[in-house]
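Below: one structure, written as structure tokens.
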Amino acid sequence: MLVNCAAYQDGRKLADIKPDEIGDYLRRPGAFVWVALADPGPGELAAMEHQFSLHELAVEDARHSFQRPKVEEYDDQLFVVMQSIEVIEDGTPSGSLHVGEVDVFVGPNFVLSVRNRTRKGFSEVRARLEKEPALLQHGAGFVLYALMDAVVDRYFPALESLELELERIERHMFEDQAGRSSVMDLYALKGKAMELKHAIAPLLEATGKLYGGRVPPSCAGTQEYFRDVFDHLTRLNQSIDSLRDMVNTATSVNLALVTISENEVTKRLAAYAALIGVPTMIAGIYGMNFEHMPELHSIYGYPITLAAMVVIDAWLFWKFRRARWL
């Protein structure tokens with residue numbers, strides 16, 4: 001659906017306009033049009049393609065979402081694909097990550113943003129820019145920066161939720177509860193980190209085209225802003241790599257704790273088996289019923305045998321306790 005359609009000139013909003021009026025404002029010197037669509041149908045995209053003379057390949061990518069983040073240049077137009085990451089509360093400690101897509105078409109005098117499968121829009125971005133005409137007068141290139149900056153800023157809460165989830169799992173691991181559940185939680189966390197990595201790493205590479213060397217005409221004069229986005233993405237990318245390393249380390253530690261726990265159980269079983277084995281061995285010897293066994297005819301043979309069993313087991317129990325096997 002059409003979310004917003006407005007015309008701007010010299011950093012100030014001229015009016016909210018109808019789609020069929022876009023052509024009139026595009027012909028105004030120094031004016032540009034900013035249109036926002038959310039989950040548009042084929043007809044809406046086709047209408048915008050006609051109004052802004054968009055490249056058919058870029059429109060095809062926007063029509064079929066699930067694209068890899070990228071920045072492509074078509075003559076004097078830019079086509080930017082970004083993945084939006086939103087944390088959805090679903091009852092789990094860190095929530096789930098909802099992945100959407102934001103496509104932005106940028107020309108000399110227009111910006112067309114297309115949101116697909118996103119729950120949060122960019123109305124606050126538009127409102128902030130309209131309050132800062134000195135920035136908005138940079139034109140369509142600055143609007144692209146503001147949209148990219150908003151998408152990147154939404155990665156930070158997602159990263160923070162993953163870091164908090166890792167801390168929770170680590171506490172759980174060292175509370176004598178390490179096991180299958182911790183491994184499953186770590187594996188799920190690693191999957192979420194990969195989703196975030198797939199959104200950040202390609203966009204980091206693509207953003208470098210907007211501020212270094214030859215920059216597209218639409219972004220001329222705004223390179224320092226895109227460099228700031230690049231710095232944020234670099235920090236996020238490094239944090240994700242660190243998080244993944246920590247998850248791998250936590251998985252190894254969890255497996256080591258499981259092995260240690262199993263060894264402790266094995267030692268206890270071996271100790272109890274020894275305590276039972278000594279009386280069993282003595283009883284087995286005197287249960288063979290050979291004819292010439294002097295102890296069988298002794299008055300004190302039975303109590304002495306029982307006492308020997310108790311003494312030997314008491315000594316073994318003391319040794320196992322000292323060795324921390326029991």
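The figures here come from the full heavy-atom set of this structure, side chains too, leaving out hydrogens, waters and symmetry mates. Fair warning: this is a prediction, and the values are worked out from it, not measured in the lab.
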Handout entry: Check: Q9 side chain, L14 main-chain N or O, donor-acceptor pair, under 3.5 Å
Key = no
Problem - Test item: R154 side-chain N/O and K120 main-chain N/O as donor-acceptor pair under 3.5 Å - result: yes
Exercise for the section: Please confirm whether the backbone N or O of A46 pairs with a side-chain atom of H50, one donor and one acceptor, at under 3.5 Å? Expected result: no
Exercise for the section: Can you establish whether the number of heavy atoms outside E124 located under 6.0 Å from its atom CD is more than 12? Expected result: yes
Handout entry: Exceeds 12 heavy-atom contacts within 6.0 angstrom, atom CD of E132
Key = yes
Exercise for the section: State, with a plain yes or no, whether a side-chain heavy atom of D185 is found less than 4.5 Å away from one of L189. Expected result: no
Problem - Heavy-atom donor-acceptor pair, D39 side chain to R117 backbone, under 3.5 Å - result: yes
Handout entry: Stepwise salt bridge (charged side-chain N to carboxylate O under 4.0 Å, His left out) check, R168 with E165
Key = CA-CA 5 Å; R168 184 196 66 81; E165 173 68 0; 3.0 Å; yes
Exercise for the section: Mind running salt bridge (charged side-chain N to carboxylate O under 4.0 Å, His left out) on E224 and R227 for me, showing each step along the way? Expected result: CA-CA 5 Å; E224 63 272 18; R227 184 168 60 246; 5.6 Å; no
Practice task
Establish, yes or no, whether a centroid distance under 6.0 Å links the rings of Y211 and F230.
Solution key: yes
Handout entry: Flag, side chain of Q77 to backbone of Y74, donor-acceptor distance under 3.5 Å
Key = no
Practice task
Indicate yes or no: at least one non-hydrogen side-chain atom of F122 is less than 4.5 angstrom from one of R115.
Solution key: yes
Exercise for the section: Verify the neighbour count for atom CZ of R128: are there more than 12 heavy atoms of other residues, nucleotides or ligands below 6.0 Å? Expected result: yes
